[in-house]
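Here is the naming used below: chain letters follow the sequence lines, and residue numbers restart at 1 for every chain.
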Amino acid sequence: MAETPLWEVFIRPRNGLAHKHVGSLHAADAVMALQAARDVYTRRGEGNSVWVVPSVAITASDPDHTDEMFEPTGDKIYRHPTFYEIPEDVGHM
Amino acid sequence: MMHEALLEIADDCLVLGHRLSEWCGHAPMLEEDLALPNMALDLIGVARGLYARAGELEDAGRGEDDLAYFRGEREFRNCLLVERPNEDFAQTMLRQLYFAAFMEPFWRAASASSDEVVHGIAGKAAKEVAYHIRHTGEWVIRMGDGTVESAARMARAVDALHRYTGELFESSPAARAAEAAGVLPVREEMRGDWDRVIGMIFTEARLVLPEDTHMHSGGRAGLHGEDLGHILAEMQSVARAHPGAVW
Amino acid sequence: MYSQGLIGADGRTGETETFLAAFQARIDAEEKIEPKDAMPEGYRRTLVRQIGQHAHSEIVGMLPEGNWVTRAPSLRRKAALLAKVQDEGGHGLYLYSAAETLGVTRDGMTEELLAGKAKYSSIFNYPTLTWADIGTIGWLVDGAAIMNQIPLCRCSFGPYARAMIRICKEESFHQRQGYEIMLTLCRGTRAQKAMAQDALDRWWWPSLMMFGPHDAESSHTEQSMAWKIKRFSNDELRQKFIDATVPQAEYLGLKVPDPAMRWDEALNGGKGGYRHGPIDWDEFWRVVKGEGVMNRDRIAARKKAWDDGAWVREAALAHAAKRATGKVAAE
């Protein structure tokens, strides 16, 4: 028998916050996945909104490419406010 | 009299919650091992609230556990539907759907109850059973319109359980008193909502509603099938072996 | 709820020294390892096995307590126990998910369990005979599990550590639930107190065995500790458990069934601790190898649930396939 598909579950703890990945589960379709997410991951008032995404639909970056993907930003310190020198007399900026 | 009307619903909820709890650790998939106890806990929670209120109204010093653990088969007032055995997942889900589709409009109407406590319970319970309809309805659709085997099992479930749905709409003398006092809604008035929900789900599930089914009843008068005695014998065994003990 | 030194893990690995050293450096720097990161095969295999055993323990662990859900003697206890057993199912689910990030499937792991090829905590191969067993399991078995699980929240493998954080948060009520049952029994009638003592007599030694063989006999501890899959040795955790539990038993007015148990100033680096008598390791290995009272029944019950549920899972998949091709009734 085919395996019941895997889904990733994202929950928003309350309005104003982003949905956050909380785990995964198995369900045959999206409706059942949503209900299972509710039954499995919100038993203690963990949130008020749920997303489910088929795990196969997620494209992830390759850890072998971590250096080329993410290191080049390391020396672009002019993107951060602390790079610029403003005299203290100017006040908070 | 009023407390007896509350006991009927409390017994429905406890017996059905107990039946669901029998699945614990034996569900068809792990996700359902979490979903079934959620429904069971909703029902047991409602039963506790109603027992407590019934005990107060009766005013004979009986609390929730006295009412749940120290009454016998003839004193339990649950309808026959909820005591039916789990059998398979098809029957368990259909039994739950039949019950929830009745209780959802019932609790919505009961939020206008003249009894403060019933009013409070109803508001919370209506949301719970609305989800029970959603969850069991989706399963009934999947099993009804799934494989050849699942469709056959669903049809068997309808055949086995439909005959116990008529009793849901019957008001016992105790219930009629509670209805007259505005404590509980009139059971017969739930018919329209029930027919609509069940009809919709059955259409999607490719299930046929049986016609001319002889409807069984008697639970409200303590006239049960043989299963209830076994449920109670199991459920009450520890409590009854140690009368007066605190747990 | 799980705690048992990992059984039969094979940490051997065939990578180059340079690769292993670089990996070890990441571990030593307390970096978390994520599923797609390069990792030694032995590390991956050890984790799959340990997380799998842990998940199976949660799932099989539903059965001994589930045995009393229908007989809980009050509605408050019934609800609490049902919620607890439900949690165990959830914990199994989180853990299977964590293992699945390593490329194995839940179905595959389940089939190994049902074929008797996968281990689980052998404490669950003992029967629950009275209501007091439910109190004792919560108090001792969950207590032992917490000792083991809290350090796992800092495990080097990210998905396992995250699952454990969630599990530990949820489990915080389990031990309290159990101890409260014991307290009520011990303050109750003579029969209730006798029931509590009898349960402690039967569960004490199996609880100590939950931590696994003595360090000297535990062959895989060292590699697991180096990889920070495991943070404390079996004996360290067992000692912590005993030191925490003996005073709790005294508070209940119960007697731990170990005539050799005594306070020893020299233990715990001079801070003192309870020295326990000899553990019957023959019994431990007998149960691990399948000859506990309940081994066969536990697997049979899981197999029945799995087999009986097959048509339900098939129906859901069949319906999903119809829906995908627009062949359902109401669309």
Side-chain angles (χ1 to χ4, degrees), chain A residues 1-14 17-71 74, chain C residues 26 31-39 82-84 86-87 89-101 103-111 158-160 162-167 169-173 306-307 309-324 328:
Chain A
M1 184 169 77
E3 183 155 32
T4 305
L6 190 64
W7 300 73
E8 300 303 321
V9 181
F10 300 80
I11 291 181
R12 185 177 65 207
R14 57 173 194 274
L17 297 178
H19 286 76
K20 186 169 174 265
H21 184 245
V22 294
S24 49
L25 52 80
H26 288 271
D29 58 52
V31 174
M32 296 311 267
L34 209 50
Q35 293 191 357
R38 177 263 191 193
D39 282 322
V40 173
Y41 288 105
T42 70
R43 284 173 292 130
R44 287 173 168 83
E46 287 88 341
N48 65 7
S49 171
V50 181
W51 290 348
V52 290
V53 180
S55 304
V56 293
I58 290 179
T59 309
S61 61
D62 185 337
D64 288 346
H65 302 159
T66 301
D67 290 355
E68 64 200 62
M69 290 276 276
F70 306 112
E71 258 194 40
Chain C
R26 291 187 64 189
E31 256 187 65
K32 293 289 181 203
I33 307 302
E34 293 296 341
K36 290 187 145 194
D37 291 355
M39 62 183 81
L82 186 53
K84 175 178 190 285
Q86 180 194 39
D87 272 353
H91 299 167
L93 195 155
Y94 307 157
L95 289 161
Y96 282 131
S97 301
E100 285 179 284
T101 65
V104 291
T105 66
R106 192 203 288 178
D107 281 8
M109 287 185 278
T110 303
E111 275 152 24
Y160 194 17
R162 289 192 288 274
M164 288 319 302
I165 288 169
R166 193 174 187 92
I167 289 170
K169 217 188 271 176
E170 294 188 357
E171 282 212 344
S172 54
F173 96 82
W306 184 247
D307 292 346
W311 71 269
V312 179
R313 299 190 299 274
E314 277 165 21
L317 287 172
H319 183 82
K322 288 184 194 179
R323 196 162 276 223
V328 289

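At least one side-chain heavy atom of C:Asp87 sits less than 4.5 Å from a side-chain heavy atom of A:Arg44. At least one side-chain heavy atom of A:His26 sits under 4.5 Å from a side-chain heavy atom of C:Glu100.
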(request) Go through the steps to decide whether A:Leu6 and C:Arg106 satisfy the test side-chain contact (heavy atoms from CB on, under 4.5 Å), and finish with yes or no. (result) CA-CA 10 Å; A:Leu6 190 64; C:Arg106 192 203 288 178; 6.0 Å; no

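Closest non-hydrogen pair, C:Arg166 versus A:Tyr41, comes out as NH2-O, 3.2 Å. Here the shortest heavy-atom pairing between C:Leu317 and A:Pro5 reads CD2-CD, 3.8 Å.
Looking at A:Glu8, neither its backbone nor its side chain comes within 4.5 Å of chain C, counting heavy atoms on both sides. Contacts of A:Ala60 with chain C are made by both backbone and side-chain atoms, with heavy-atom separations under 4.5 Å. Using a 4.5 Å cut-off between heavy atoms, C:Leu93 touches chain A through its side chain atoms alone.
Ion pairing between a basic and an acidic side chain is recognised when a charged N comes within 4.0 Å of a carboxylate O; A:Asp29 and C:Lys322 show no such pairing. At a threshold of 4.0 Å, the pair A:Glu46-C:Lys169 does not count as salt-bridged, since none of the basic side-chain nitrogens sits closer than that to a carboxylate oxygen.
Applying the ring pair (Phe, Tyr, Trp, His ring centres under 6.0 Å) test to A:Phe10 and every residue at least two apart in sequence or in another chain returns A:His21.
The main-chain N or O of C:Thr105 is never found under 3.5 Å from a side-chain atom of A:Glu3 such that the two would form a donor-acceptor pair.
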